[in-house]
Amino acid sequence: LCPPGVLPLCCRLPAWDRATRPPPSPLQPPGLPLAPCRSFSNNKIQVELDESSGVAMMKFKSPPVNSLSLEFLTEFSISLEKLENNRACRGVIITSAVPKIFSSGLDITEMCGKSLEHYTEFWRAVQEMWLRLYGSNMVTVAAVNGSSPAGGCLVALSCDYRIMAENPKFSIGLNEAQLGIVAPFWFKDTFVNVVGHRIAERSLQLGSLHPAPEALRLGLVDELVPEEKLMEKAAAVMAQWLALPDHARQLTKTMMRKAVLDRLVAHREEDIKNFISFISKESIQKSLRMYMEMLKKRKS
Ligand code: CO8
């Protein structure tokens, strides 16, 4: 992750013309594929980069629900940084290896009964993940193959394009209000930038989780496809986006997203303080404990 004093990737100049590949190595023996598939995997995320297409597949694999724990968020940011720094990578498809769940959002246990130091570290990791993903120079496509509440929805919203499996049992939305907590301003900004102010205002106040067909109608996702066609569709969308020159697309993306990114960068420490003072209130802790109990009861 960024050492102190180093600006996050989103604040650096775009990596121009990733499309311009380095020439094949003269040492490459004839007949061997020029562009191998490179993969790296850590505990919670698996990444495979196909160097011939420049597309990486990132799969969340943290059962039971891909909750965004401190460890998950750290791995996520590191994986994004590795891909961002690899000139062979131009786009990433983000999906889940856990059936029926894209991501259950922030790991609630990280926000319950922990020390102030822990809350600080955790919230910085949430910010870091978002700054990297929302500010990424790569084309980012979310293949949402399961439910995606709160932080899971934020991950999808931060991508350039969202395709969701056509299953009305899968829902997506920023449901923080249902937990008695409030989505931070940069969650809200990301949401507004996708669906517009009115829809975001209503959805955020009600803490709505929208079933897939409704999410499509609201513009929260761009397309629904049958589950078995999801990856094929994601690859086709990616190819369409990668057909453009990287520099023009990247500059346009920066133009569209910079104000929102800059706002968090400028208020990062204040945002951490706000999070800590909010989350450590006894009334908020109580709401979160009750919510976790409700999840457990619902299960039994
Ligand atoms: N964090 C931690 N544990 C979780 C979470 C979570 N977000 N979600 C589920 N779990 C746990 C459950 O408690 C359960 O644990 P156990 O096995 O020990 O009982 C296990 O994961 C499996 O959960 P379910 O049995 O509920 O699994 P299902 O497949 O039936 O349902 C769902 C999966 C739909 C994802 C369901 O678990 C669910 O709705 N989870 C809650 C999702 C949620 O509301 N997330 C919001 C998190 S808050 C957030 O992301 C943004 C916060 C912004 C902070 C602002 C503060 C200022």
Side-chain angles (χ1 to χ4, degrees), residues 44 60-73 76 96-114 116 118-130 133-134 144-158 164-165 167-191 200 203-212 215 264 267-300:
K44 306 196 173 280
F60 298 158
K61 48 152 190 140
S62 182
V65 289
N66 287 333
S67 62
L68 306 175
S69 61
L70 179 58
E71 188 187 348
F72 187 111
L73 290 161
F76 195 2
S96 163
V98 174
K100 300 191 181 79
I101 310 283
F102 181 69
S103 162
S104 71
L106 300 191
D107 191 316
I108 298 167
T109 62
E110 300 276 13
M111 300 187 281
C112 268
K114 297 284 196 295
L116 300 188
H118 183 87
Y119 293 145
T120 305
E121 195 185 358
F122 178 63
W123 200 247
R124 201 179 288 286
V126 181
Q127 293 177 331
E128 184 73 26
M129 177 280 289
W130 179 78
L133 183 59
Y134 200 61
V144 183
N145 53 347
S147 289
S148 195
C153 176
L154 180 76
V155 169
L157 287 172
S158 303
M164 191 165 183
N167 184 336
K169 286 192 182 147
F170 297 163
S171 62
I172 183 166
L174 293 180
N175 62 322
E176 282 79 354
Q178 283 192 37
L179 284 74
I181 56 178
V182 182
F185 70 88
W186 41 284
F187 282 46
K188 178 270 293 173
D189 287 344
T190 313
F191 197 23
S203 183
L204 280 171
Q205 286 196 51
L206 295 173
S208 306
L209 283 173
H210 305 285
L264 178 60
H267 298 284
R268 217 171 154 174
E269 298 309 315
E270 195 185 325
D271 183 59
I272 293 173
K273 277 192 197 133
N274 286 342
F275 171 74
I276 294 173
S277 84
F278 185 76
I279 213 71
S280 46
K281 282 189 177 50
E282 187 38 43
S283 58
I284 300 300
Q285 287 288 307
K286 195 173 162 198
S287 293
L288 291 178
R289 283 195 301 269
M290 281 165 60
Y291 189 76
M292 286 301 279
E293 276 163 28
M294 181 277 291
L295 285 180
K296 284 189 196 314
K297 269 193 201 135
R298 200 182 59 175
K299 196 173 173 183
S300 55

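Indexing begins at 1, ligand by ligand and atom by atom, following the structure's order. Here the structure is a predicted model, which is why all the values come from computation and not from measurement.
Ring planes of Phe275 and Trp123: parallel class, angle under 30° (limits at 30 and 60°).
For atom 20 (C) of ligand 1, the nearest non-hydrogen atom of the protein is Pro64 CG, 3.8 Å. In terms of protein heavy-atom proximity, atom 15 (O) of ligand 1 is nearest to Lys296 NZ, 3.8 Å. Among protein heavy atoms, the minimum distance from atom 29 (O) of ligand 1 is reached at Ile101 CD1, 3.8 Å. Of the protein's heavy atoms, Val65 CG1, 3.9 Å lies nearest to atom 22 (C) of ligand 1. Of all protein heavy atoms, the one closest to atom 45 (N) of ligand 1 is Ser104 O, 2.9 Å. Protein heavy atom nearest atom 7 (N) of ligand 1, with residue, atom name and distance: Leu106 O, 3.0 Å. Nearest protein neighbour of atom 16 (P) of ligand 1, counting heavy atoms only, is Lys299 NZ, 3.4 Å.
Per-residue contacts place Val182 under 4.0 angstrom from the following atoms of ligand 1 (heavy atoms of the residue considered): 55 (C), 56 (C), 57 (C). For ligand 1, the atoms lying closer than 4.0 Å to a non-hydrogen atom of Arg298 are 26 (O), 31 (O), 36 (C), 37 (O), 38 (C), 39 (O). Each of the atoms 57 (C) of ligand 1 lies under 4.0 Å from some heavy atom of Phe278. For ligand 1, the atoms sitting less than 4.0 Å from at least one non-hydrogen atom of Gly105 are 50 (O), numbered in the order shown with element in parentheses. Near Tyr291, with a cut-off below 4.0 Å to any heavy atom, the atoms of ligand 1 are 41 (C), 43 (C), 44 (O). Shown in contact with Ile108 at under 4.0 Å from a heavy atom are these atoms of ligand 1, numbered in order with element: 1 (N), 2 (C), 6 (C), 7 (N), 47 (C). Here is the list of ligand 1 atoms found below 4.0 Å of a heavy atom in Gly151: 49 (C), 50 (O).
With a heavy-atom cut-off of 4.0 Å, Ile181 touches ligand 1 through its side chain alone. By the criterion of a heavy-atom distance under 4.0 Å, neither the backbone nor the side chain of Asn274 is placed next to ligand 1. Counting heavy atoms closer than 4.0 Å to ligand 1, residue Leu154 contributes nothing at all. Only the side chain of Asn175 comes within 4.0 Å of ligand 1, counting heavy atoms alone; its backbone N, CA, C and O stay farther away.
The closest approach between any non-hydrogen atom of Ala183 and ligand 1 is not below 4.0 Å. Every heavy atom of Gln178 sits 4.0 Å or more from the atoms of ligand 1.
In terms of N/O distances under 3.5 Å, ligand 1 is not approached by Phe187. Between Leu295 and ligand 1, no pair of N/O atoms sits closer than 3.5 Å. Any N or O atom pair closer than 3.5 Å counts here, and Ser67 shares no such pair with ligand 1. Annotation: Thr109 places no N or O atom under 3.5 Å from an N or O atom of ligand 1; distance criterion only.
Other residues, nucleotides and ligands contribute more than 12 heavy atoms inside 6.0 Å of the NZ atom of Lys61. In the displayed structure, Met292 atom CE is contacted under 6.0 Å by more than 12 heavy atoms of other residues, nucleotides or ligands.
Here the OG1-CG distance, from Thr109 to Leu288, works out to 10.5 Å after rounding to the nearest 0.5 Å. Going from atom CG of Leu116 over to atom NZ of Lys273 covers 13.0 Å, rounded to the nearest 0.5 Å.
In this structure, a donor-acceptor pair under 3.5 Å is present between the side chains of Asp107 and Ser67.
Comparing heavy-atom distances from atom 49 (C) of ligand 1 across Gly207, Ser171, Ala150 singles out Ala150 as nearest. When the heavy atoms of Val155, Ile279, Val126, Asp107 are ranked by distance to atom 2 (C) of ligand 1, first place goes to Asp107. The nearest non-hydrogen atom to atom 13 (O) of ligand 1, considering only Glu176, Glu110, Met292, Lys100, comes from Met292. Among Phe275, Tyr119, Phe102, the residue whose heavy atom sits closest to atom 56 (C) of ligand 1 is Phe275.
Between Leu70 and His118 there is a side-chain heavy-atom pair separated by less than 4.5 Å. Side-chain atoms of Gln178 and Pro149, non-hydrogen and from C-beta on, never get closer than 4.5 Å to each other. A 4.5 Å side-chain heavy-atom check between Leu157 and Tyr134 finds every atom pair outside the cut-off. The side-chain heavy atoms of Gln285 and Ile279, taken from C-beta on, include a pair separated by under 4.5 Å.
Aromatic pair Phe60/Phe72: ring centres closer than 6.0 Å.
The main-chain N or O of Val98 is found under 3.5 Å from a side-chain atom of Ser96 such that the two form a donor-acceptor pair. When atom types are taken as modelled, the side chain of Glu176 and the backbone of Gln205 share no donor-acceptor pair closer than 3.5 angstrom. Of the possible donor and acceptor atoms, none in the side chain of Glu110 sits under 3.5 Å from a partner among the backbone N and O of Phe122. Judged by distance alone, with hydrogens and angles left aside, the side-chain atoms of Ser148 form no donor-acceptor pair with the main-chain N or O of Phe102 at under 3.5 Å.
Of the options Glu282, Lys281, Lys286, a side chain to side chain contact (heavy atoms under 4.5 Å, CB included) to Ile284 is made by Lys281 and by none of the others.
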